[in-house]
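Letters go in sequence order (proteins before strands), and every chain restarts at 1.
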Protein chains: 2
Amino acid sequence: MTRKEEIVGTASQLFKEKGYSAVSVRDIAQAMGMKAASLYNHIESKQEILSILVLDLAREFTSGMNKILILDNSPLQKIEKVIELHIDITVNQSEALAALNNDWMHLEQEDLEDFVQMREDYEENFRKIIKEGIRVGQIQPRHPEVILFSILSTLRTLYLWYQKRGKLDVNVLKKDMVAVMLRGIV
Amino acid sequence: MTRKEEIVGTASQLFKEKGYSAVSVRDIAQAMGMKAASLYNHIESKQEILSILVLDLAREFTSGMNKILILDNSPLQKIEKVIELHIDITVNQSEALAALNNDWMHLEQEDLEDFVQMREDYEENFRKIIKEGIRVGQIQPRHPEVILFSILSTLRTLYLWYQKRGKLDVNVLKKDMVAVMLRGIV
DNA sequence: ATACAAAACTAACGTTTGTTAGTTAAAAAA
DNA sequence: TTTTTTAACTAACAAACGTTAGTTTTGTAT
């Protein structure tokens with residue numbers, strides 16, 4: 001773990017609690033046990049920290065989705081894989097996920113464009129899986145947008161609940177969440 | 001609509017886009033077509049704006065939940081009412097909802113305590129409805145926490161999707177969301 | 001021991017922040 | 001018409017912001 005990675009990691013914890021804008025470089029430095037100016041031996045700017053956190057994670061989602069798309073699975077199986085992808089990332093990188101969810105709009109220029117593009121592509125891929133599922137009769141013929149947003153909302157905010165509730169076993173969580181989201185609660 | 005309410009309303013739109021910390025009082029003033037100092041003829045502080053937005057809405061949720069609890073309905077019917085409560089509030093106050101979701105942690109002192117208490121109570125009430133539903137066999141016997149967080153996540157982030165997708169009819173939305181969340185998609 | 005690189009430091013910069021004080025213009029009440 | 005109230009203004013404040021420059025300490029390799 002390089003010093004730079006330590007800084008990014010420390011910053012991500014603070015960002016998770018208060019958000020990017022409310023965390024100063026002096027806050028980050030203090031949490032690292034150093035002075036603000038010293039950070040700049042390792043990073044280019046505060047922006048760079050956000051960029052690393054958000055874009056690296058966005059690429060991970062993109063790559064995960066691409067792997068799922070090329071599998072020879074049914075739409076329903078693909079959705080299960082997507083759910084598992086989110087849970088795995090949540091468990092391993094909940095802090096970066098907070099930044100991706102809440103602070104992406106503070107990215108600048110190409111970083112912002114890249115992120116928005118990746119997110120649009122991701123949602124579009126997910127939407128296509130759902131539509132295909134409806135087409136082949138595996139999924140109820142409801143408004144795909146409602147299904148998409150309902151599942152994605154739950155997955156995207158999982159990081160807020162996981163760990164608060166005593167860190168459920170990951171496999172139990174996957175099973176329960178798949179069940180609740182696919183088959184409902186009734 | 002008093003001048004103060006106009007300011008709070010304008011601020012809430014900006015908070016929704018960039019978050020409380022990233023919006024300056026000069027930003028708010030500019031959006032109102034006045035100078036920053038002039039705002040203080042109407043408000044006490046930037047904090048007060050946030051406090052009004054978040055706490056007023058939190059009280060609305062609390063009061064809505066209390067009305068649902070005293071109804072002589074089955075657990076499942078109560079959950080439907082909760083879903084409808086969220087959708088109604090989302091449609092009418094999506095900006096304040098953004099502040100409640102993303103900026104509540106920037107409240108101070110008693111305001112912060114009050115909010116956290118109200119949110120805990122709200123979740124606890126919802127949890128009890130779910131548990132009762134499981135007890136009487138109306139709801140599948142899964143981990144109540146997963147059900148609670150799954151539904152609440154979807155409801156809390158609805159404001160991000162509503163209006164982006166061409167403002168679906170509210171009643172259609174209620175019907176579809178109840179269906180997806182209660183009976184799943186399979 | 002000497003040299004070199006890495007990583008900390010102090011000091012300071014120009015901006016932006018939320019907010020206050022005091023003043024002025026316009027509208028409403030007397 | 002005078003008085004009062006409301007709501008804008010200009011000017012300025014101290015504090016906090018992200019960042020830079022230059023210097024010193026620390027650890028490693030020669």
Around atom CD of B:Glu5, are there more than 12 heavy atoms from other residues, nucleotides or ligands closer than 6.0 Å? yes
At 4.0 Å (heavy atoms only), tell me whether B:Arg26 reaches a base, stays on the sugar-phosphate, or touches nothing. base
Can you find a side-chain donor-acceptor pair between A:Asp27 and A:Ser24 that sits under 3.5 Å? yes
Given atom CD of A:Gln30 and atom C1' of D:dA16, what is their separation to the nearest angstrom? 14 Å
Separation of B:Met32 atom CE from D:dA8 atom P, in whole Å? 7 Å
For A:Leu39 and C:dC9, give me the distance from atom CG to atom C1', rounded to whole Å. 12 Å
Answer yes or no: side-chain N or O of B:Asn41 and base N or O of D:dA8 forming a donor-acceptor pair under 3.5 Å. yes
Between B:Tyr20 and A:Ser38, name the one whose nearest nucleotide on DNA chain C is closer to the 5' end. A:Ser38
OP1 or OP2 of D:dC17 under 4.0 Å from side-chain N/O of A:Ser24: yes
Just the rounded figure in Å: distance from P of C:dT19 to CG of B:Asp27. 14 Å
I need the CD1-P distance between A:Ile28 and D:dG18, as an integer number of Å. 8 Å
Value for CE (B:Met181) from CD1 (A:Ile151), rounded to nearest 0.5 Å, stands at 12.0 Å
Return no unless some side-chain N or O of B:His42 is found under 4.0 Å from OP1 or OP2 of D:dT6. no
How close or far is atom P of C:dA26 from atom CZ of B:Arg3, stated in whole angstroms? 16 Å
Would you kindly compare B:Ala36 and A:Ala37 by the position of their nearest DNA chain D nucleotide and give the one closer to the 5′ end? B:Ala36
B:Lys35 has a side chain; which of D:dT10, C:dC9, D:dA8 sits nearest to it? D:dT10
In whole Å, what is the span from the CD atom of A:Gln47 to the C1' atom of D:dT19? 14 Å
A:Gln138 and A:Glu132 side chains, donor-acceptor separation under 3.5 Å: no
Rounded to whole Å, CD of A:Glu48 lies from P of D:dT19 at a distance of 10 Å
Under 6.0 Å between ring centres: does that hold for A:Tyr162 and A:His86? no
